[in-house]
Amino acid sequence: MKPPIIAGNWKMNKGVKEAEDLTSGILEMVKGIDDREVVLCPPFTALYRVSELLKAKTIKLGAQDLFYEENGAWTGEISASMLTDLGCKYVIIGHSERRQILKEDDIIINKKIKQALKYSLSPIFCVGETEKERKEGREKEIVERQIRLGLKEIDLTFRIPFVIAYEPVWAIGTGNTCKEEEAEKMHIFIRGLISKLYTNDLAEEMRILYGGSVKPDNIDAIMKMPNIDGCLVGGASLNIESFCRIVEFS
Ligand code: PEP
């Protein structure tokens, strides 16, 4: 049994009061839905308040990043134990905005994944090619490199749920969704790679999410694809109605 995941990545949006309103609205609208996992990833500054609202609820809390060191002189950074302290279950790692704008490379991402797993935080490990790489026909090569290096020397057989999000960079925040059949091909490729690197069972169990301009009007088609196990949603997760419509996909 692997329930699909709909995760909302709020990015650098929502102050504490807005986060409170959004969380309360979502809690109200998705009451009674128990066949899918919903994850909210607010900015760090709203995690505490959102974690209070989610106490004893089925919606899970996620962070948008962590740092790979335990503690100490790392100004501005947030550790894995700080996130577990707040009740986070998930953490997004390797988002393309961090790879591209903040220059995070595969080595940093690998360290972050190791640190998350050490604290039993489930990574939502983002991979995906740029528009240029896709035009050059290199999408599989790029995603394979990101996965091999991101998961280097990592044993995934110790049963902390691990999630991969395939997010073609050219589809993020652009309104340019990757055609669902195209996304499905990439998901099949990723699952095959995980099976090669680990085991068939682990690959089958792993949830592989799609991300990139997911909206209420394309979610149903995306979720019909057999290898798409959920979505990581950016822009459309900032509004109660649109996020809840996505959660209620059929
Ligand atoms: C994201 O940031 O992970 C994302 C998929 O954004 P959007 O849904 O806005 O394209």
Side-chain angles (χ1 to χ4, degrees), residues 3 5-20 22-24 26-27 37-99 101-127 150-156 158-165 167 206-207 209 211 230-234 237-238 243:
I5 297 178
I6 301 293
N9 173 14
W10 297 359
K11 310 193 188 193
M12 197 172 73
N13 294 293
K14 306 291 178 192
V16 175
K17 178 69 177 79
E18 293 168 309
E20 196 176 299
L22 181 54
T23 306
S24 307
I26 292 169
L27 277 168
E37 227 175 295
V38 180
V39 182
L40 302 183
C41 303
F44 289 131
T45 47
L47 277 176
Y48 180 69
R49 184 63 191 122
V50 175
S51 78
E52 287 184 323
L53 294 169
L54 296 185
K55 254 183 210 140
K57 308 283 187 205
T58 51
I59 295 184
K60 302 210 168 85
L61 186 65
Q64 297 176 20
D65 187 32
L66 52 56
F67 193 56
Y68 52 75
E69 293 289 345
E70 291 289 324
N71 60 285
W74 303 101
T75 304
E77 295 298 333
I78 301 288
S79 71
S81 67
M82 290 170 178
L83 299 181
T84 52
D85 218 21
L86 289 172
C88 288
K89 296 278 180 272
Y90 286 93
V91 57
I92 298 171
I93 298 179
H95 192 279
S96 66
E97 285 150 16
R98 299 201 64 85
R99 288 180 189 265
I101 304 163
L102 296 152
K103 307 295 171 212
E104 279 190 16
D105 61 17
D106 295 309
I107 296 170
I108 293 176
I109 290 165
N110 174 255
K111 287 189 193 174
K112 289 187 172 187
I113 294 175
K114 285 179 177 156
Q115 192 67 4
L117 292 172
K118 183 172 168 191
Y119 281 83
S120 301
L121 276 165
S122 289
I124 300 178
F125 170 34
C126 301
V127 297
L151 294 182
K152 196 168 172 204
E153 293 160 0
I154 292 180
D155 177 10
L156 284 188
F158 56 96
R159 315 220 55 86
I160 296 166
F162 192 94
V163 178
I164 292 182
E167 298 208 306
M206 185 175 284
R207 270 129 355 140
L209 313 186
C231 289
L232 180 55
V233 186
S237 72
L238 297 173
F243 186 65

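Counting from 1, the numbers follow the sequence of the chain as shown.
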Peer 1: Please name the pair of heavy atoms, one in Ala63 and one in Leu47, separated by the smallest distance, quoted to 0.1 Å.
Peer 2: CB-CD1, 4.2 Å

Peer 1: Do Leu61 and Ser51 have side-chain heavy atoms sitting under 4.5 Å apart?
Peer 2: yes

Peer 1: For residues Ala46 and Pro42, report the shortest heavy-atom separation together with the two atoms involved.
Peer 2: CB-CB, 4.1 Å

Peer 1: According to ring pair (Phe, Tyr, Trp, His ring centres under 6.0 Å), who are the partners of Phe67, at least two apart in sequence or on a separate chain?
Peer 2: Trp74

Peer 1: Could you check if a side-chain atom of Met82 sits within less than 4.5 angstrom of a side-chain atom of Glu77, using non-hydrogen atoms only?
Peer 2: no

Peer 1: I need the minimum non-hydrogen distance between Ala116 and Val91, along with the two atoms involved.
Peer 2: CB-CG1, 3.8 Å

Peer 1: Should Tyr68 and Lys114 be marked as a side-chain contact (heavy atoms from CB on, under 4.5 Å) after you check the CA-CA gap, both sets of side-chain angles, and the distance that decides it?
Peer 2: CA-CA 8 Å; Tyr68 52 75; Lys114 285 179 177 156; over 6 Å; no

Peer 1: Under 4.5 Å between any side-chain heavy atoms of Leu117 and Leu156, yes or no?
Peer 2: yes

Peer 1: I'd like to know if the side chain of Arg98 and the backbone of Ile93 have a donor-acceptor N/O pair within less than 3.5 Å.
Peer 2: no

Peer 1: When you measure from the side chain of Ser79 to the backbone N and O of Asn71, does any donor-acceptor pair fall under 3.5 Å?
Peer 2: no

Peer 1: One pair to check against salt bridge (charged side-chain N to carboxylate O under 4.0 Å, His left out): Lys55 and Glu52. What are the steps and the verdict?
Peer 2: CA-CA 5 Å; Lys55 254 183 210 140; Glu52 287 184 323; 5.4 Å; no

Peer 1: Is any side-chain heavy atom of Leu121 less than 4.5 Å from a side-chain heavy atom of Thr84?
Peer 2: yes

Peer 1: Could you tell me which residues satisfy side chain to side chain donor-acceptor pair (under 3.5 Å) with Lys14, sequence neighbours excluded, listed by chain and number?
Peer 2: none

Peer 1: Between Arg207 and Val163 (side chain of the first, backbone of the second, donor and acceptor by atom type, cut-off under 3.5 Å), is there such a pair?
Peer 2: no

Peer 1: Tell me, with the steps shown, if Val16 and Tyr48 meet side-chain contact (heavy atoms from CB on, under 4.5 Å).
Peer 2: CA-CA 9 Å; Val16 175; Tyr48 180 69; over 6 Å; no

Peer 1: Let me see the working for Ile92 and Cys126 under side-chain contact (heavy atoms from CB on, under 4.5 Å), right down to the final yes or no.
Peer 2: CA-CA 7 Å; Ile92 298 171; Cys126 301; 3.8 Å; yes

Peer 1: Indicate the atoms forming the closest heavy-atom contact of Gly62 with Cys88, along with that distance.
Peer 2: C-SG, 4.2 Å

Peer 1: Please indicate whether Ile107 has more than 12 foreign heavy atoms, meaning atoms of other residues, nucleotides or ligands, lying under 6.0 Å from its CD1.
Peer 2: no

Peer 1: Is there a side-chain contact between Tyr90 and Glu37 (heavy atoms, below 4.5 Å)?
Peer 2: yes

Peer 1: Of all the heavy-atom pairs spanning Ser81 and Tyr119, show the shortest one and how long it is.
Peer 2: CB-CE2, 3.6 Å

Peer 1: So, the side chain of Gln64 versus the backbone of Phe44: is there a donor-acceptor pair under 3.5 Å, distance only?
Peer 2: no

Peer 1: Please check if atom NZ in Lys11 has more than 12 non-hydrogen atoms from other residues, nucleotides or ligands closer than 6.0 Å.
Peer 2: yes

Peer 1: Roughly how far, to the nearest 0.5 Å, is CG of Leu209 from CD1 of Ile6?
Peer 2: 8.0 Å

Peer 1: Can you list the steps and then say if Glu70 with Lys118 is a side-chain contact (heavy atoms from CB on, under 4.5 Å)?
Peer 2: CA-CA 10 Å; Glu70 291 289 324; Lys118 183 172 168 191; 2.6 Å; yes

Peer 1: How many angstroms lie between NZ in Lys57 and CD1 in Ile26, if you round to the nearest 0.5 Å?
Peer 2: 13.5 Å

Peer 1: Less than 4.5 Å apart, any side-chain heavy atom of Met12 and any of Pro43?
Peer 2: no

Peer 1: In the structure I gave you, are the side-chain heavy atoms of Lys112 and Asp65 within less than 4.5 Å of one another anywhere?
Peer 2: yes

Peer 1: How long is the span from the CZ atom in Phe125 to the CG atom in Leu151, to the nearest 0.5 Å?
Peer 2: 5.0 Å

Peer 1: Any heavy-atom pair between the side chains of Ile113 and Phe162 that's under 4.5 Å?
Peer 2: yes

Peer 1: Determine the minimum heavy-atom distance between Ile160 and Ser120, stating which atoms define it.
Peer 2: CD1-CA, 3.7 Å

Peer 1: Could you tell me the separation between the CG atom of Leu40 and the CD1 atom of Ile59, rounded to the nearest 0.5 Å?
Peer 2: 5.0 Å

Peer 1: Start with the C-alpha gap between Glu69 and Gln115, add the side-chain angles, then the distance that decides, and say whether side chain to side chain donor-acceptor pair (under 3.5 Å) holds.
Peer 2: CA-CA 8 Å; Glu69 293 289 345; Gln115 192 67 4; over 6 Å; no

